[in-house]
Amino acid sequence: SDKMLRTLVNVAGRQVTAARAAPTIARQFSGSHRAQSDAVSDADFESSWTSYFQDPNTDALMVRRGLNDLFAHDMVPDKRVLEAALHATRRTNDFPTSVRIFEGIKDKGGDEAYSFMLHELKPVIEELGLST
């Protein structure tokens with residue numbers, strides 16, 4: 001009984017952490033912040049998101065939340081960020097979210113960007129056994 005309660009508290013604690021982690025990153029790199037200051041370069045933005053998705057403590061909920069925040073920007077994320085996100089969906093065994101990554105690319109960039117990114121991500125798509 002005590003062990004079960006500790007497990008539930010640990011799970012709940014991770015969910016709270018997940019709900020707070022990605023928004024913090026998104027606030028740091030939000031479009032309005034970038035419009036006010038050029039302090040955050042594109043390289044820093046991409047590096048931060050790549051690190052976020054590569055973090056082994058990032059669970060499936062955090063991956064989905066991070067992708068939601070990332071695709072809220074009016075852009076298609078860099079190839080390295082998308083590779084890290086796809087690996088994160090595999091690590092967390094979350095196939096539906098990997099599909100949503102491709103949907104987000106198509107939604108944000110249109111058919112031309114989608115085709116380009118499929119070509120760029122082909123090695124990762126094959127490595128992870130995904131089909132498009």
Side-chain angles (χ1 to χ4, degrees):
S1 173
D2 287 338
K3 185 176 181 181
M4 182 184 283
L5 178 60
R6 275 184 265 146
T7 302
L8 290 173
V9 170
N10 286 339
V11 169
R14 274 188 263 141
Q15 289 175 343
V16 170
T17 302
R20 293 182 183 156
T24 301
I25 292 173
R27 278 194 298 272
Q28 290 174 349
F29 300 110
S30 69
S32 61
H33 173 74
R34 290 186 68 173
Q36 295 171 2
S37 169
D38 289 332
V40 178
S41 69
D42 289 340
D44 290 339
F45 181 84
E46 292 163 6
S47 175
S48 179
W49 280 107
T50 301
S51 296
Y52 176 81
F53 290 120
Q54 289 176 339
D55 183 351
N57 296 317
T58 303
D59 63 11
L61 177 63
M62 292 171 71
V63 171
R64 288 190 302 271
R65 180 69 182 244
L67 286 167
N68 188 45
D69 290 344
L70 183 61
F71 279 115
H73 298 278
D74 194 22
M75 63 171 198
V76 174
D78 183 72
K79 172 188 163 191
R80 291 176 302 150
V81 175
L82 294 171
E83 287 174 346
L86 287 168
H87 279 102
T89 61
R90 174 53 56 117
R91 185 181 65 247
T92 59
N93 198 28
D94 190 0
F95 175 75
T97 300
S98 65
V99 172
R100 289 186 191 99
I101 290 172
F102 293 109
E103 290 172 348
I105 295 168
K106 193 167 191 173
D107 182 54
K108 288 294 178 180
D111 291 336
E112 188 174 331
Y114 179 73
S115 296
F116 175 77
M117 289 309 291
L118 282 182
H119 175 72
E120 291 293 307
L121 295 170
K122 187 174 182 172
V124 175
I125 292 169
E126 290 175 356
E127 172 190 348
L128 300 177
L130 300 171
S131 62
T132 54

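Counting begins at 1 with the first residue of the sequence.
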J.: Look up atom CG in L67 and atom OH in Y52, then write down how far apart they are to the nearest 0.5 Å.
T.: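 OH of Y52 is found 8.5 Å from CG of L67.
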J.: Okay, side chain of T58, backbone of F53: is any donor-acceptor separation there less than 3.5 Å?
T.: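 No; judged by distance alone, with no hydrogens or angles, the pair does not exist.
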J.: Side chains of L70 and F45: closer than 4.5 Å at any heavy-atom pair?
T.: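 Side-chain contact under 4.5 Å: yes.
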J.: I'd like to check R100 versus F71 (side-chain heavy atoms, cut-off strictly below 4.5 Å). Are they in contact?
T.: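 Heavy-atom side-chain distance check fails, nothing below 4.5 Å.
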J.: Closer than 3.5 angstrom, by distance alone: can the side chain of S48 be matched with the main-chain N or O of D44 as a donor-acceptor pair?
T.: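 Answer holds: no.
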J.: Rounded to the nearest 0.5 Å, what separation is found between the CD atom of E120 and the CD1 atom of I105?
T.: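 Reported value, rounded in 0.5 Å steps: 11.0 Å.
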J.: Nearest 0.5 Å, please: how far is CG in L121 from CZ in F116?
T.: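 Reported value, rounded in 0.5 Å steps: 9.0 Å.
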J.: Taking only residues at least two apart or on different chains, which pairs with a member in residues 104-115 satisfy salt bridge (charged side-chain N to carboxylate O under 4.0 Å, His left out)?
T.: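 Counting only pairs at least two positions apart or across chains, the salt bridge (charged side-chain N to carboxylate O under 4.0 Å, His left out) contacts touching residues 104-115 are K106-D111.
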J.: Distance check, rounded to the nearest 0.5 Å: L86 atom CG versus I101 atom CD1?
T.: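 So the gap between those two atoms works out to 4.0 Å.
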J.: Out of curiosity, T89 OG1 to L130 CG, how far, rounded to the nearest 0.5 Å?
T.: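 T89 atom OG1 to L130 atom CG measures 6.5 Å (nearest 0.5 Å).
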J.: Applying side chain to side chain donor-acceptor pair (under 3.5 Å), can you list everything that pairs with R91, at least two apart in sequence or on another chain?
T.: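 Partners of R91 under the side chain to side chain donor-acceptor pair (under 3.5 Å) test: none.
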J.: As an exercise, state the distance from CE of M117 to CD of E83, rounded to the nearest 0.5 Å.
T.: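 Those atoms lie 8.0 Å apart.
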J.: Between Y114 and F102, what is the shortest heavy-atom contact and its length?
T.: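 Smallest interatomic distance, heavy atoms only, reads CE1-O, 3.5 Å.
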